[in-house]
Amino acid sequence: MWPDRRLIDLFKTEFPIVLAPMAGVMDAELVIAAAQGGALGSLPCAMISAEKAREQVGLIRQRVKAPVNMNFFCHTPVELTTEAEARWKQRLTGYYTEHGLDSSAPIAAANRAPFDAAFCEVVEELKPEVVSFHFGLPEQALLRRVKAAGCLVISSATTVKEAVWLEERGVDAVIAQGAEAGGHRGMFLTDKIAEQPGTFALVPQVVDAVKVPVIAAGGIADGRGIAAAFALGASGVQIGSAYLRCPESKVSAGGRKALAEARDDSTVITNVMTGRPARGVQNRLMREAGPISPDAPPFPHAATALGPLKAAAEKHGRVDFTNLWAGQAIALGREVPAAELTRDLAKSALARLKALAG
């Protein structure tokens with residue numbers, strides 16, 4: 001038995017495991033598989049249109065009778081200045097020349113849109129059981145509409161202060177995202193990367209500071225990590241990196257090779273891929289231009305100029321300009337179907353918890 005059933009009872013899932021929403025490398029297929037295994041499946045919506053979100057949720061509803069989590073970003077858009085764009089393109093000129101690309105050619109802008117009234121209407125229409133946010137919460141009027149639609153609301157915190165802020169605004173659970181976690185830092189009350197605590201330090205302090213269930217995230221990729229999270233007072237875990245090598249993920253062949261070869265020291269926190277700090281497997285651009293660069297324009301504009309370079313390199317099986325977001329436990333990932341992985345994670349965690357109790 002799980003020592004804390006609050007998250008299971010809240011989400012009505014078999015296991016207290018949340019599949020992390022990983023924009024760009026997953027879609028409904030991975031959500032369905034994780035849900036079939038007993039986890040809460042999360043659909044990342046920050047890089048897709050409202051129409052695509054409707055289509056994806058429709059596919060999930062057809063295939064599995066399980067709760068769905070729709071995930072959105074809540075960043076405040078920042079305009080790209082001509083100066084910032086020119087500085088970044090100048091930094092990338094050598095790479096464009098190397099790949100025979102024209103740096104002056106028009107490029108489609110990177111699409112990472114914040115939650116807005118249009119997407120709120122989609123939520124009201126589809127009524128997902130859970131809606132999760134990254135980078136804080138939307139404005140109060142939109143948040144009230146989400147809750148009025150009957151959706152549970154969760155969001156990420158990277159500090160105790162952020163966790164308390166989220167609880168004060170009515171979230172049903174807090175995701176405590178440690179520094180080990182892959183992907184973008186969920187920080188929204190601070191921009192001080194160097195001060196972000198790790199999962200082992202953050203989770204118990206958040207548990208002490210809030211009354212809502214806490215979901216541990218960061219560096220958790222097997223039963224031992226799940227058991228440790230419960231020992232720290234968490235009611236559940238959010239896992240992403242462990243699912244990246246599942247057949248249902250959309251990671252490219254070159255990306256899968258890089259993930260399979262990754263070690264404990266293979267990831268770094270960087271801003272050169274999107275303009276906002278995120279942890280991923282180190283690639284050529286991160287090594288040569290970063291990992292943190294003052295030349296990177298604000299989120300998400302850094303990704304725009306990288307589009308042609310990413311496509312050119314991936315044609316040759318390379319991930320020199322690909323953002324392979326992953327956490328520090330990426331080496332623990334396995335190439336198994338997501339449903340099987342989810343059940344194995346839960347089984348291993350329960351066995352570890354039983355051994356600890358004994």
Side-chain angles (χ1 to χ4, degrees), residues 20-25 44 46-47 72-96 103 107-114 133-136 156-159 162 177-198 217-219 240-241 255 258 262 265-310 313 319-328 330:
M22 298 177 285
V25 293
M47 292 175 64
F72 301 94
F73 286 172
C74 285
H75 60 287
T76 300
V78 178
E79 289 294 323
L80 176 63
T81 65
T82 303
E83 293 78 14
E85 182 179 24
R87 185 170 62 248
W88 188 228
K89 282 203 168 184
Q90 177 62 35
R91 181 65 183 82
L92 301 176
T93 295
Y95 299 123
Y96 269 77
S103 61
I107 308 169
N111 176 30
R112 288 169 178 83
F133 294 106
H134 212 51
F135 313 134
S156 302
T158 63
T159 63
E162 289 178 343
Q177 185 196 41
E180 302 95 321
H184 287 96
R185 311 297 85 199
M187 52 180 50
F188 56 94
L189 294 182
T190 178
D191 59 2
K192 296 175 180 175
I193 293 295
E195 296 179 2
Q196 189 187 350
S241 301
D265 59 352
S266 293
T267 69
V268 295
I269 291 179
T270 181
N271 73 334
V272 299
M273 303 308 299
T274 67
R276 192 172 185 123
R279 182 179 292 283
V281 176
Q282 190 162 205
N283 60 24
R284 179 186 175 189
L285 182 68
M286 294 178 198
R287 288 191 298 270
E288 297 177 358
I292 300 294
S293 171
D295 293 330
F299 180 84
H301 303 297
T304 298
L306 295 179
L309 292 170
K310 174 184 175 181
V319 290
D320 296 349
F321 308 96
T322 301
N323 50 327
L324 285 174
W325 300 142
Q328 290 181 322
I330 185 58

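Put simply, the side chain of I193 reaches to within 4.5 Å of the side chain of M187, judged on heavy atoms. Between L324 and V319, the closest side-chain pair of non-hydrogen atoms falls below 4.5 Å. Between P308 and Y96, some side-chain heavy-atom pair lies under the 4.5 Å cut-off. T304 places a side-chain heavy atom less than 4.5 Å from the side chain of I107. Side-chain atoms of L92 and L306, non-hydrogen and from C-beta on, do get closer than 4.5 Å to each other. Side chains of P277 and T270 form no contact here, defined as non-hydrogen atoms less than 4.5 Å apart.
Of the inter-residue distances, the one linking T159 atom OG1 with R185 atom CZ reads 13.0 Å to the nearest 0.5 angstrom. Between the CE atom in M22 and the OG atom in S241 there is a gap of 7.0 Å [rounded to 0.5 Å]. Atoms OG1 and CD, from T81 and E85 in turn, are 8.5 Å apart once rounded to the nearest 0.5 Å. In this structure, the separation between CG on D320 and CG on L285 is 9.0 Å, given to the nearest 0.5 Å. For the atom pair CZ of F72 and CZ of F135, the computed distance is 14.5 Å after rounding to the nearest 0.5 Å.
No side-chain donor-acceptor contact under 3.5 Å links Y95 to the backbone of F321. No donor-acceptor distance shorter than 3.5 angstrom exists from the side chain of N323 to the backbone of W325, with no hydrogens or angles considered. Panel note: side chain R284, backbone Q282; no donor-acceptor pair is recorded below 3.5 Å. Listed for the E162 side chain is a donor-acceptor partner under 3.5 Å among the backbone atoms of T158. The backbone N or O of V78 lies less than 3.5 Å from a partner atom in the side chain of H301, making a donor-acceptor pair. No donor-acceptor pair closer than 3.5 Å links the side chain of K89 to the backbone N or O of A305. The main-chain N or O of G280 is never found under 3.5 Å from a side-chain atom of T267 such that the two would form a donor-acceptor pair. Within the 3.5 Å criterion, the main-chain N or O of Q177 finds a donor-acceptor partner in the side chain of Q196. In this structure, W88 contributes its side chain and A302 its backbone to a donor-acceptor pair below 3.5 Å. The backbone N or O of G186 sits nowhere less than 3.5 Å from a side-chain atom of S156 that would complete a donor-acceptor pair.
Of all non-hydrogen atoms in V272 and A296, the two that sit nearest each other are CA-CB, 4.2 Å. Nearest heavy-atom pair across R91 and D295 is CD-OD2, 3.8 Å. Of all heavy-atom pairs between G240 and A20, the closest is CA-CB, 3.6 Å. In plain terms, the two heavy atoms of E180 and R279 that are nearest each other are O-CD, 3.4 Å. Of all heavy-atom pairs spanning P77 and P114, the tightest one is CG-CG, 3.7 Å.
Between E83 and R87 there is no salt bridge, since no side-chain nitrogen of the basic residue lies less than 4.0 Å from a carboxylate oxygen of the acidic one.
With H184 as the fixed residue, the side-chain contact (heavy atoms from CB on, under 4.5 Å) test singles out one of H75, R276, M273: R276.
For F188 and H134, the ring centers sit 6.0 Å or farther from each other.
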